[in-house]
Amino acid sequence: MTRGLFVTRPAVLFVCLGNICRSPLAQAAFRREAERRGLDVEIDSAGTGAWHVGRPPDRRAQAVARRHGIDISGYRGRQVSAEDFRHFTHIVALDRENLADLKRLRPADGTAQLLLLLDTVEGRQGQAVADPYLGADSDFDITWSDAVAGAKGLADRIEGEASG
Ligand code: 4NP
């Protein structure tokens, strides 16, 4: 894919370590942002690690999403695969370690654009969405607000790419 008009529908995969805290919240926030804008896009999330494959999101992630009117209880953890690099147009890392892992995992024929979520947010370039897993409930509020900011920045970027 070159810059300019999308020849395929955009497809975005959010990736964190466990796929139970940050990337499900990014998925939920971006789903809502895309719906608000009428942006037709496939959205999913995955983890670089396999510990939580098949599991629902962390109860604290479910709770913060629910407080913002979104039910993520049906999400299930999965691990990023080689096929993801061919299927998705954008694979979006939540932190720099996730991004480094993705660069290492990318197959030679991978076509997805790899990026850091907060690189799309003015003034937040290079920043990580901090891992809240070992934190307090309030850390999930920070995760949510970062996910919302990233969702807007990413939607702006994808709309910009689509219009050339
Ligand atoms: P996430 O958080 O990467 O935002 O889903 C984590 C969840 C689980 C673990 C680490 C981070 N873990 O080590 O099990």
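Numbering of ligands and ligand atoms starts at 1, following listing order.
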**Asked** Hey, are Arg22 and Asp146 close enough for a salt bridge, meaning a charged N less than 4.0 Å from a carboxylate O?
**Response**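 Looking at Asp146 together with Arg22, the answer is no, because their closest N to O distance does not fall below 4.0 Å.
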**Item:** Salt bridge Asp119-Arg157, side-chain N to carboxylate O under 4.0 Å
**Value:**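 Arg157 and Asp119: not salt-bridged.
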*If you measure every N/O of Trp51 against every N/O of ligand 1, is any gap under 3.5 Å?*
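Among all N and O atoms of Trp51, none is under 3.5 Å from an N or O of ligand 1.
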Note to self: Can you confirm, on distance only, whether ligand 1 has an N/O atom lying under 3.5 Å from any N/O atom belonging to Pro132?
What the structure shows: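 N/O-N/O distance under 3.5 Å: no.
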Please report which non-hydrogen protein atom sits nearest to [atom], along with the residue it belongs to and the distance in Å to one decimal place.
atom	value
atom 14 (O) of ligand 1	His52 NE2, 2.8 Å
atom 12 (N) of ligand 1	Tyr133 CE2, 3.5 Å
atom 1 (P) of ligand 1	Cys16 SG, 3.5 Å

Checklist line | Neighbour count above 12 (heavy atom, 6.0 Å) for Glu35 CD | finding: yes
- request: Take atom CZ of Arg37 as the centre, draw a 6.0 Å sphere, and report whether it contains more than 12 heavy atoms from other residues, nucleotides or ligands.
  value: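 Yes - once you tally the heavy atoms of other residues, nucleotides and ligands closer than 6.0 Å, there are more than 12.
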How does Asp131 reach ligand 1, by side chain, by backbone, by both or by neither, if only non-hydrogen atoms under 4.0 Å count?
->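 It is the side chain that touches ligand 1; the backbone stays farther off.
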For this session: Report yes or no: do Asn98 and Asp95 form a side-chain donor-acceptor pair below 3.5 Å?
Result: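 Asn98 vs Asp95: donor-acceptor pair found between side chains.
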Within 4.0 Å of some non-hydrogen atom of Ile20, the atoms of ligand 1 are 5 (O), 7 (C), 8 (C)
At less than 4.0 angstrom from any non-hydrogen atom of Cys21, what atoms of ligand 1 do you find?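 Ligand 1 atoms under the 4.0 Å threshold to Cys21: 1 (P), 2 (O), 4 (O), 5 (O).
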ask   = What about Leu94 and Ile142, same hydrophobic cluster or not, with Ile/Leu/Val/Met/Phe/Trp/Tyr joined at side-chain heavy-atom distances under 4.5 Å?
value = no
